Amino acid sequence: MDFSFPKEYRLRKRREFRKVYEEGQKIYSQYFTIHVLKNQLGHPRLGITVTRKIGKSVVRNRWKRIIREAFRLNKHKLPPWDIVVTVKRGYKPPKLQEVEKDFVEAIAKLRIISTD
RNA sequence: CCAGCAGGUCGGGCGGUCGCCGGCGGUUUAUCCGUCGGAGGAAAGUCCGGGCCCCACAGGGCAGGGUGCUGGGUAACACCCAGGUCCCGUGAGGGACGGAAAGUGCCACAGAGAACAGACCGCCGGGCCUCUUGAGAUUGCCCGGUAAGGGUGAAACGGUGGGGUAAGAGCCCACCGCUUCCCCUGGUGACAGGGGAAGGCACGGUAAACCCCACCCGGGGCAAGGCCAAAUAGGGAGGCGUUCCCGCCUUUGGCGGGAUAAGGGUGGCCCGCCCGAUGCCUCCGGGUAGGCCGCUGGAGGCGCCGGGUAACCGGCGUCCCAGAUGAAUGACCGCCGCCCCGUAAAGAGCGGGGAACAGAACCCGGCUUACAGACCGGCUGGCUCC
RNA sequence: GGUCCCGUCGUCUAGCCCGGUUAGGACACCGGCCUCUCAAGUCGGCGGCAGGGGUUCAAAUCCCCUCGGGACCA
């Protein structure tokens, strides 16, 4: 199974993020605010937002790495959407399994809503 | 062995699986494969100093800012090294550092008096009143002397002894201290040592108050700066075209319709068909999105030798050691090492748990701040043993 | 990444340049008076210099470090 994470699977420009914010759907999970928009690429793409309010650079990097790992290990199950994950304030970075669970459940919920 | 003082080093190790970023090689022209490398001592705070780049600039001055014992190191510094004086410590050591005798300002409260000082209490002399026969004594008041004592304060005009006096005081003397000046010796110098003269002592603090003196500093920052460059709008140059007919309305004008021109669309091309009086085409320069360079080989690391007390410098050899840009350096597992807890008489073993501060963004030299723990020598004081 | 500014009661502020009473005021809060009660009014109280170090006899004020908040630059 392919667990790689090349650049085509990432959101890299400010206007790509803006498009998801303005045209996509939104859901709140325990740790994140997740914006989602269907794309035409046939695979999902991930964008992560961790503001300076979350913590210093060590903490911000930790969040990004864990989120990226959660996406990477589950990307074969994900629909072809652009997904932007914004970290909420007030949490310490938890274990990978917790983030994975939180992220996958939130996406599953959105999937049900969008198929209705 | 116990206290302590300065200083240096490290910041878990090995292996596997899944990923990420970059270099090189191959392969295809856009994907794979191979291989190598991939956070720190502070990468942090951005507090100083430089390199680099752009702008400005003849030279000098003013304003503004910084530094401040001496000598040295350095690209430079507010850093580092060595030294000096004073203060603290039994000591190893630690801390402070131009000028208050150029001028100005300020020194609250308390206190009698606070900056060419000052009589509240006290001490001493004199006068008046009171008591007394009187000498005289005492209380009160007044005048004067006095800085030795008390008290206030952060700070009150040198100390000890003697003389002196009504009581006192550098008022005078001796010794100690202090200030200023001169000479000699040592040192590059701060300064030190020695000798002499003058002065009874006159000059309290504050310059992280204004200021004076000496020296230094142009401004901005890689989001600097440079290159390539769509689409759209606009600018410049050149070329082609800017014609005819009909109807209506109040004007050499406007509106509507038709034909054709430059040109465009369709199409491999010609004819044809369609659009078309609106302009159209080509080139140039600026420039946005976007991309590229700057971008990591450097005041570089390590070793040896030489110079220097040292900071550091020189020579030779050797190594290449992150370069991202919504921003890589991660996740999981196993074994070993370290620490803690339980079990055991200690240990072994077994089981469970823990491991700091922190993440490069143009690059260096410093400073400051954060930091679980581990290690290395050096020195001081005390106790004990040989 | 870089450049710069600001932190005073619970909130908004004065004082800071040029150091010196118990750091002043408004709103809020608490208690009393007034009122049948509440509000208003009135009297009193509670409560603060972001933290640490230094200079000074003395620091909210001057100097340094740390922490927190904010603005600007593609």
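Letters go in sequence order (proteins before strands), and every chain restarts at 1. Worth saying up front: this structure is predicted, and the values here are computed from it rather than measured.
Toward the 5′ end of RNA chain B lies the nearest nucleotide of L96(A), the other residue of the pair L96(A) and V59(A) mapping further downstream.
Distance R62(A) CZ to C357(B) C1': 16 Å, rounded to the nearest Å. Atom-to-atom, CG of N74(A) to P of G19(B) comes out at 14 Å; the value is rounded to the nearest Å. Atom pair K56(A):NZ and U369(B):C1' shows a separation of 12 Å (rounding to whole Å applied).
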Run the side-chain donor-acceptor check on residues 101-108 of chain A: report pairs under 3.5 Å with partners two or more places apart or on a different chain.
from: D102(A); atom 1: OD1; to: Q30(A); atom 2: N; distance (Å): 3.3
from: D102(A); atom 1: OD2; to: S29(A); atom 2: OG; distance (Å): 2.8
from: D102(A); atom 1: OD2; to: Y31(A); atom 2: N; distance (Å): 3.3

Just list the side-chain donor-acceptor pairs under 3.5 Å for residues 50-57 of chain A, sequence neighbours left out, or say none.
from: T51(A); atom 1: OG1; to: K53(A); atom 2: N; distance (Å): 3.4

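For residues 7-16 of chain A, no pair satisfies side-chain hydrogen bond (donor to acceptor under 3.5 Å, both in side chains), with sequence neighbours left out.
Minimum atom distance to the side chain of S57(A) is reached by A360(B), of the listed C20(B), A360(B), G330(B). Side-chain proximity of V58(A) to A331(B), G19(B), A358(B): nearest is A358(B).
A heavy atom lying under 4.0 Å from RNA chain B marks none of the residues of residues 30-44 of chain A.
Contact annotation for K53(A): backbone-only contact, meaning every heavy-atom pair under 4.0 Å involves sugar-phosphate atoms and none involves a base.
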Could you go over nucleotides 324-329 of chain B and give all protein N or O partners under 3.5 Å, atom names and distances?
from: U325(B); atom 1: OP1; to: K7(A); atom 2: NZ; distance (Å): 3.4
from: U325(B); atom 1: OP1; to: R12(A); atom 2: NH2; distance (Å): 3.4
from: G326(B); atom 1: O2'; to: L11(A); atom 2: O; distance (Å): 2.5
from: G326(B); atom 1: N2; to: T49(A); atom 2: OG1; distance (Å): 2.4
from: U329(B); atom 1: OP1; to: R68(A); atom 2: NH2; distance (Å): 3.4
from: U329(B); atom 1: OP2; to: R65(A); atom 2: NE; distance (Å): 2.8
from: U329(B); atom 1: OP2; to: R65(A); atom 2: NH2; distance (Å): 3.2

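Under the Watson-Crick or G-U wobble criterion, with both distances below 3.5 Å, U251(B) has no partner in any strand shown.
Under the salt bridge (Lys or Arg N to Asp or Glu O under 4.0 Å) criterion, E23(A) pairs with K19(A), sequence neighbours left out.
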